[in-house]
Structure formats: structure tokens, C-alpha cells
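Both counts, for ligands and for their atoms, begin at 1 and track the order of listing.
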Amino acid sequence: MRTVDELIAEGVRGRRVLMRADLNVPLDDSTGERVITDDGRIRASLPTLQALREAGARVVVAAHLGRPKGERDDRYSLAPVAARLGELLGVEVPLATDTAGSGAQAAVAALSDGDVCLLENVRFEAAETSKDDDARGALADRFAALADLYVDDAFGAVHRKHASVYDVATRLPHAAGRLVATELDVLTRLTEDPQRPYVVVLGGSKVSDKLAVIEAMLPKVDRLLVGGGMCFTFLAAQGHGVGDSLLETDQVETCRRLLAEAGDKVVLPVDVVCAEALVADAQVKVVPVDAIPDGLKGLDVGPNTVDLFGQHLADAHTVFWNGPMGVFELAPFTHGTRGVATAVAAVDGLSVVGGGDSAAAVRQLGLDEDGYGHISTGGGASLEFLEGRELPGLAVLSGGAG
Ligand code: ADP
Ligand code: MG
């Protein structure tokens, strides 16, 4: 896999480089204005972007934001991202008026050496995520016409077979950005001969998203700690009532089988923080897992669970953590995530945080990012990598130049 630094060594001055970045940041629009609540992903794309600029490339950044429905929708415009990127770079970053049409062509034509422009949200084009190879190919042709070279630095999107991630790389000479290279380096250390004990902590909202990774990782890890919304399907599989907590009834049977196969490798919460509703001033009740009241939702793991998980993490030498332990976005439900995040940071060895929300939680809760060996920008991508699946965006970078 060629890296952007090799590409730069070959000379990029005056060349148009299409750089796919992961700028899918969380936004708060409750004030009527769209405010970026965590710019971690924008900052993570700066090293590659700066290296290209300093080498005199004309950088055309492509990115997605949220899930617009394949057509222009200003609620998903990258305008706030262009503004923040410009602030961080200290130069103006013009936003093209479209993704790959005449607006994009005009923005690219206006670039001088070392300049950067941002294309509008790639998901304004229905073809970006299409299952139809020809539809994606036609969009990729339009992307390719905007540039001479392609650099993929969007680690968070490499598991997607999308036009701006996959197809365009078959049409232009390509390289991996620095962020993608770093992510691969660290995740490879987790899959190849991790120092033991190796403990994985999983949380977040959806079990069905993560069952495959649990299945694939169980044989490789020494312990798997499960919290977050997904723990309730496991608790239900053990026969507990879970009140109004998140429950994926169609996954209960699979969870039961996984628990049977895993023996005592899987560690579940022993207490939970419950409330009637997901609100910032919720009245909370902490209960043991066998006494979750009807009508209440489990929205965080309890203090005894934080202690228990902490004990399991204390002697670990390799840790991968994905998924918040609770609804950390709301003050009454931050403690579980804070406690576990703190225990992960204290690990003597390699600690990796993966997942957009988990990384955002670390920063939002004011924890020291330097406490972790690595904070991955890609949740789904890092999980699929750890599952051992082939990721289309990486596979295509390893292939020959288009
Ligand atoms: P990541 O982005 O790190 O991979 P996920 O997207 O899987 O994480 O999950 C993050 C979401 O899970 C957060 O928005 C959080 O509020 C939610 N969550 C965590 N615990 C619970 C719970 N008990 N009930 C409902 N949602 C939860
Ligand atoms: Mg998420």
C-alpha cells in the first residue's frame, strides 16, 4: 500500500489531489445554528492535509456528513466543517456549491498550489452509496475528473464500498493518508499477537451491529466486558427482566448461545442506572440487574459495575474499548462511561479507543486523550477490521494504480 508520504516524495507540486477525509462530526442544531460539538475528526485529518499543502499540491477534500437521502439537503451541508477546517488551517477553505458538478469544477479550477477546497457532502449524490456498480462508477468518473491523484485518509469510511472511497481509487493513482496508515498500524498490533491479558470492552446502542465482532473476537480475547445499551439483550438472555431498556428480542437467542460458548469470558454489568426518560434532569434509580423495575430504562452501568470492570482491566496489557457504557450525552448517565474510560486509560500497555461516540465521550467528559495509546476515528471500520473482514477501501488501496 503506497502512502501519501511516498506520493509526496515523487512530487505533487501543482497536482490536483482528491483527498477523501472523514469529517463526519457531531453537530448540535438546538440553537438554530449548526455547531460542531467535537472536531476530533477534523483535527485528525490535518497531518495529511498539511503535508500535501506544504508539498504544493492543490487539495480537493471530499467527505460525507450525516445521512442525507441522496439529494441536496442544507441541513447536511458541510459549511460548518469548511469554516472549522479553515480556522484550524489558518486559511480560507472554500466550499464548492455541489459535490461533483459545475460548482466542484469551478472550486478546483480556482485553486493555486498549496490551496484547499472542500466539495459539498458526497452523500448529496445518491450514487455515492449505491449498490449498483455502474451508478457508483459514473459518479467516481466525475470525482476522478476533478483530480490527478487520490489519497484516502477517511479511515472511518474504509469499510464502505462507496464511490468516493472505493470506485474512485480504481480510476486514479492512489495512496493511503497518514491517518489511515496510523490506524492500520495500531489495529494490526491488536490482531497480531496482542500482549496478554487482552480485554475488550464493548458498549454502545445496538447489539445486532456488534454481535459479529463479539463472535469473531471471543476466541482471541481473555475477557469481554459488555455495557451500554447492548448489555440488556445479554441480560435478557440470562433471564433478567430489563424494563423499558433497549432490547433486541430477535438477538436474545444468539446472545444466549454466545454466553454458553464463552463461559466466564463475558462479563456483564451487575447494576444499572435507571430512569423513566432520556432527559438531562432525570430522576435516577440505581438497581441490581435482577431488579430492573418495569417501566424504567437502563441508561448507564452502575457503580458496582464500574468497580467490577475496573478489576478486570487492572491487570490487562492490551485493551480495546468501543461503545459508551451509557447515554453519556446526558449528565445523569455519564458516570459509567467516565469510570470505565478512566480504567482503560490507566492500563499498563496498549489501550485503544475505537468509535465515533466513544472518542467523542473521552473528549466531552474532559478526560486526557494522551492517556490512551490510540483513539481511533472509525467505529464500524475498526470493528470490521478486528473481525478480520476485508475492508473495500483498504483492499483497493493495495491494488494497482487505476
Ligand atoms: P461508537 O460510535 O463509539 O461505536 P455506538 O454508536 O455504538 O458507539 O453507540 C453510542 C450510543 O450508544 C451513544 O449515543 C449512547 O447514548 C448510546 N447508549 C449507550 N448506552 C445506552 C443505553 N443504556 N441505552 C440507550 N442508549 C445507550
Ligand atoms: Mg456511533
Side-chain angles (χ1 to χ4, degrees), residues 22 24-28 37-38 40-41 64-67 155-157 159-160 183 187 200-214 217 225-236 240 242-248 251 268-269 271-280 282 284-287 289 292 296-302 305-306 309 320-341 344 352-365 367 372 374-387:
D22 178 7
N24 190 25
V25 290
L27 290 159
D28 175 11
T37 53
D38 179 54
R41 281 181 164 162
H64 74 280
L65 182 65
R67 295 176 181 268
F155 181 74
H159 58 316
R160 307 286 190 203
E183 296 269 10
L187 293 176
V200 170
V201 189
L202 290 179
S205 44
K206 285 184 102 184
V207 184
S208 45
D209 279 359
K210 300 190 182 179
L211 278 182
V213 73
I214 292 179
M217 294 190 82
L225 318 181
V226 182
M230 62 189 291
C231 73
F232 299 100
T233 306
F234 278 97
L235 291 172
H240 296 300
V242 296
D244 277 352
S245 308
L246 271 188
L247 174 63
E248 291 182 52
Q251 305 293 340
L268 295 174
D271 57 353
V272 290
V273 179
C274 297
E276 240 169 67
L278 267 139
V279 289
V284 303
K285 201 168 170 181
V286 181
V287 298
V289 289
I292 301 174
L296 295 193
K297 298 181 205 312
L299 296 172
D300 194 11
V301 298
T305 304
V306 171
F309 285 10
F320 175 75
W321 166 42
N322 165 269
M325 293 293 103
V327 183
F328 73 95
E329 296 92 337
L330 298 174
F333 314 111
T334 53
H335 305 288
T337 302
R338 181 192 300 280
V340 169
V344 170
V352 180
V353 182
D357 292 292
S358 311
V362 165
R363 293 186 280 261
Q364 206 171 305
L365 298 177
L367 297 158
Y372 303 91
H374 179 66
I375 300 184
S376 175
T377 50
S382 52
L383 290 174
E384 287 195 22
F385 185 91
L386 295 177
E387 265 172 62

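Polar contact check, Gly298 against ligand 1: a nitrogen or oxygen pair lies under 3.5 Å apart. Between Gly203 and ligand 1, a contact under 3.5 Å exists for no N or O pair. On a distance-only criterion, Asp357 and ligand 1 share at least one N/O pair closer than 3.5 Å. Considering backbone and side-chain atoms alike, Asn322 places an N or O below 3.5 Å from some N or O of ligand 1.
Looking from atom 21 (C) of ligand 1 to the surrounding protein, the closest heavy atom is Gly229 N, 3.3 Å. Closest to atom 27 (C) of ligand 1, if we only count protein heavy atoms, is Val327 CG2, 3.6 Å. Nearest non-hydrogen protein atom to atom 12 (O) of ligand 1 is Ser205 N, 3.3 Å. Atom 9 (O) of ligand 1 has its closest protein heavy atom at Gly204 CA, 3.2 Å.
From Leu247, atom CG reaches atom CE of Met230 across 13.0 Å, with rounding to the nearest 0.5 Å. Taking CZ of Arg363 as the start and CD1 of Ile375 as the end, the distance is 6.0 Å to the nearest 0.5 Å. Here the CZ-CD distance, from Phe385 to Glu183, works out to 10.0 Å after rounding to the nearest 0.5 Å. Once rounded to the nearest 0.5 Å, the distance linking CZ of Phe333 with CG of Leu299 reads 4.5 Å.
Checking each of Thr337, Val301, Asp300 against Val306 for a side chain to side chain contact (heavy atoms under 4.5 Å, CB included) leaves exactly one that passes, namely Val301.
Here Glu329 has side-chain heavy atoms under 4.0 Å from ligand 1, and that is the only part of it that gets that close. Of all the heavy atoms of Leu278, none lies under 4.0 Å from any atom of ligand 1, so neither backbone nor side chain is involved.
Counting only N and O atoms by type, the side chains of Glu248 and Ser208 include a donor and acceptor under 3.5 Å apart. Between the side chains of Asp271 and Thr305, at least one donor-acceptor pair of N or O atoms lies under 3.5 Å.
Judged by distance alone, the side chain of Ser358 and the main-chain N or O of Gly323 form a donor-acceptor pair under 3.5 Å. In terms of modelled atom types and a separation under 3.5 Å, the side chain of Asn24 and the main chain of Pro26 share no donor-acceptor contact.
Set against the non-hydrogen atoms of Pro324, the atoms of ligand 1 under 4.0 Å away are 3 (O), 8 (O), 9 (O), 10 (C), 19 (C). Proximity to Phe232 (heavy-atom distance under 4.0 Å) selects the following atoms of ligand 1: 23 (N). The Lys210 neighbourhood of ligand 1 comprises atoms 4 (O), 5 (P), 7 (O), 8 (O), with distances under 4.0 Å to a heavy atom of that residue. In the vicinity of Gly323, heavy-atom distances shorter than 4.0 Å reach the ligand 1 atoms 3 (O), 8 (O). With ligand atoms numbered from 1 in the order given, ligand 1 contributes 1 (P), 3 (O) to contacts under 4.0 Å with heavy atoms of Ser358. For ligand 1, the atoms closer than 4.0 angstrom to any heavy atom of Gly355 are 1 (P), 2 (O), 3 (O), 4 (O).
Asp38 has its side chain out of reach of Gln364: every pair of non-hydrogen atoms, C-beta onward, lies at least 4.5 Å apart. Counting only heavy atoms from C-beta outward, the side chains of Phe309 and Val226 never approach each other to under 4.5 Å. Residues Leu268 and Val289 form no side-chain contact, since every pair of their non-hydrogen atoms from C-beta on lies 4.5 Å or further apart.
Across Gly228, Gly326, Gly354, Ala360, heavy-atom proximity to atom 18 (N) of ligand 1 is greatest for Gly326.
Legend: protein N/O/S atoms lying under 2.8 Å from the Mg ion (ligand 2), waters omitted, number 1.
Closest approach of Thr37 to Leu27, counting heavy atoms only: OG1-N, 4.3 Å.
Residue pairs meeting the side chain to side chain donor-acceptor pair (under 3.5 Å) criterion with at least one partner in residues 378-387, sequence neighbours excluded, are Glu387-Arg389.
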